[in-house]
Amino acid sequence: MEKKQETDIVEQAITKAMGLRNEKKLSAAIALLVDVQKKNKTRPHLNFQLSRLFGEIGNLEPAIRHAEISLKNAGARPPLNLLLHRGGLDLLNKDPAHALQIAQTATELYQNEPRTYSLGGRALAALKNYPAAIQMLEAAVNLGPKNSSYLNQLAQTLELAGDFERALIVFGFCRNAENPPKNVTMLMANLLQRMDRYDDSLALYRRALKELGHKSYLYMNMGALFRRFEATENAYRCYQQSLILDPGDGGSYYNLGNLERGRLNVDVADKWFQMSTIIEPENGTFHWNLSLVKLLKGEIEAGFAEYEWRWQHDGFPSRRRNFSQPQWQGDDYSGKTLLVHAEQGMGDHFQFVRFMPMIAALKGKGGKLILECHEPLMNLLQTFPGVDQIIERNVDDPSQLPKFDLHLPIVSAPFALGMKTVDDLPTAVPYLTIPDGPDFELPNADPEALKIGFVWGGNPGFGDDHKRSTKIDYYQPLFDIPGTQFFSIQKGPREPEISEAPEKVVRLNAQIEDFRDTAVLMTKLDLVITTCTSVAHLAGALGRPTWILLHTTADWRWLMEPESSVWYPTARLFRQPSDGDWQSVFDAVGAAITARVAEQRKSAKA
């Protein structure tokens, strides 16, 4: 009888709490059940409802705790809704591996239940196992063909997997289903934008405005579409409308910052990015983009301080190394071992290895400095001054690293060393010397000619490579300038494109096995011409005359100076006057080469 009374009290409390919830009095509902739970700690249904309420207000820690209590006391066959709720909390808590375990348990207990396959598919998609996720979501669709949300999930996962055409078809089925999700038209417009189908995307965004009303996020997406197709004034108006509709969303300020940075209005972009970080102070993407503008303006101290947020930016190309050892803060490390480890690309390594002598100077008594670098750089950097040990980059098995007490990501060096202005940067070149080893002569070299090494593109896998890289076609007129001889030092996936060059262009590609080989060949050349690649940084670090061809919105490290580089004194920058205008760049390069040849001939006669 006593247990029945307790059960009645609990159920009455739950009923009352659900009534409060329906009245949108969630805090009161939670307070009521928390009070009842003090005397009924393990009641599954009570803890389940508490978990749901905490989940609704976004308080995941107690939501997960009460869901766990409910599961532990629910017996061998917990209710399906409880399992699905627990897995959903895992996804919100960014723990898809545990969500997948819950989904597997639910699938075993409740066979042919589409919701368990839906949970499993979403968990696998979050784990980026897209083929398995698609299989699970296809099963959910087959088992629940009238549920449009499963079609929606499948379409989004197909898009993540890069199968845009099939995703578009499934989105179409979803839109035509009974009770389609409210956001499906917008999601389909987003996909069409990614497929560069401007008119179709814009038409669906306008339809989404009618279906959903004038929402801030819709104007953000439309702004992105206009910006993608260089309709910047339309993009600006959309971002402004987004800001008016929701001034508390940092994304609106962030989008305006990106737009102004693209228009090279860096001071205005700086203000917009700062506003975005004020509104969302923990958003790593906003801070990272603020850092890029600060560095572009030459604000070294503020820029590198903000750059420390890069690990919280989802799109950052390197993942954080979660060492248990503390990050070095720029102080004396007597008696300790400091590991300076690689991040990002090889060009970044060439650029920031200049700080190693300053770091080595802080060893004190008994300190040791270890430098980790990418494998193709090992031969070139093996004798770098001040470094006690050089090791190959290893991000997969930290147990293979030598023992160390402190660590430093190499691009954090200026921040750790307290660099404040561009005048503090170590810019003396060369700061790279070539270790002893095999020498190379330029084959078929014309002693009278201006010998020019050239590179036309970087790694195609880099996000903005379509902007920074050019085509060998643009070089063709340069090959015919009298008094010159061109040598290809292009390596990587674009190497076969050298077949488009005339036979008189010397192919050095086959001689180059690593960056030491490239460095040796650079010492034989009079000039290196390259886009924004690792070759630009290597040539600059060696102090070789280098012409760097830049997109109009070039990377932060080239700042805003028209032709000079604060990082590389021997570099000359050639910038696009407008977006995508490589022809003007190569016209200027051709004129500069002609002038250089004339100067060389004049010097030879003197």
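Bear in mind that the values here come from a model prediction, so they are computed numbers and not experimental data.
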Inset, instruction - Assess the pair Phe273 and Phe286: is the distance between their ring centroids shorter than 6.0 Å? - result: no
Inset, instruction - Answer whether the closest heavy-atom distance between the side chains of Val387 and Leu381 falls below 4.5 Å. - result: no
Inset, instruction - Kindly state each residue pair satisfying side chain to side chain donor-acceptor pair (under 3.5 Å) with at least one member in residues 569-578, sequence neighbours excluded. - result: Glu563-Arg572
Inset, instruction - Salt-bridge test for Asp331 and Lys336: reply yes if a basic N is under 4.0 Å from a carboxylate O, no otherwise. - result: no
Inset, instruction - Taking the side chain as every heavy atom from C-beta outward, state whether Tyr198 and Phe226 have any pair of such atoms under 4.5 Å apart. - result: yes
Legend entry - Ser565 side chain reached by Ile548 side chain, heavy atoms, under 4.5 Å: no
Inset, instruction - Rounded to the nearest 0.5 Å, what's the gap from CD on Glu495 to OG on Ser488? Could you check? - result: 7.0 Å
Inset, instruction - For this output row, return yes or no: ring centroids of Phe352 and Trp567 closer than 6.0 angstrom. - result: yes
Legend entry - Pair His374 and Phe515, ring centroids less than 6.0 Å apart: no
Inset, instruction - Kindly check if the number of other-residue, nucleotide or ligand heavy atoms within 6.0 Å of CG (Asp397) is above 12? - result: yes
Legend entry - Under 3.5 Å: donor-acceptor pair, side chain of Arg601, backbone of Ala598: no
Inset, instruction - Step through it carefully: locate the ring centre of Tyr474, locate the ring centre of Trp456, and say whether they are under 6.0 Å apart. - result: no
Legend entry - Between CG on residue Leu292 and CZ on residue Arg261, distance to nearest 0.5 Å: 5.0 Å
Legend entry - Pair Lys467 + Asp555, salt bridge at N-O below 4.0 Å: no
Inset, instruction - Give a yes or no on whether a salt bridge exists between Arg263 and Glu233, defined as a side-chain N under 4.0 angstrom from a carboxylate O. - result: yes
Legend entry - Phe479/Phe454 aromatic ring centres below 6.0 Å: yes
Legend entry - Closest contact, heavy atoms only, His537 versus Tyr568: ND1-OH, 2.8 Å
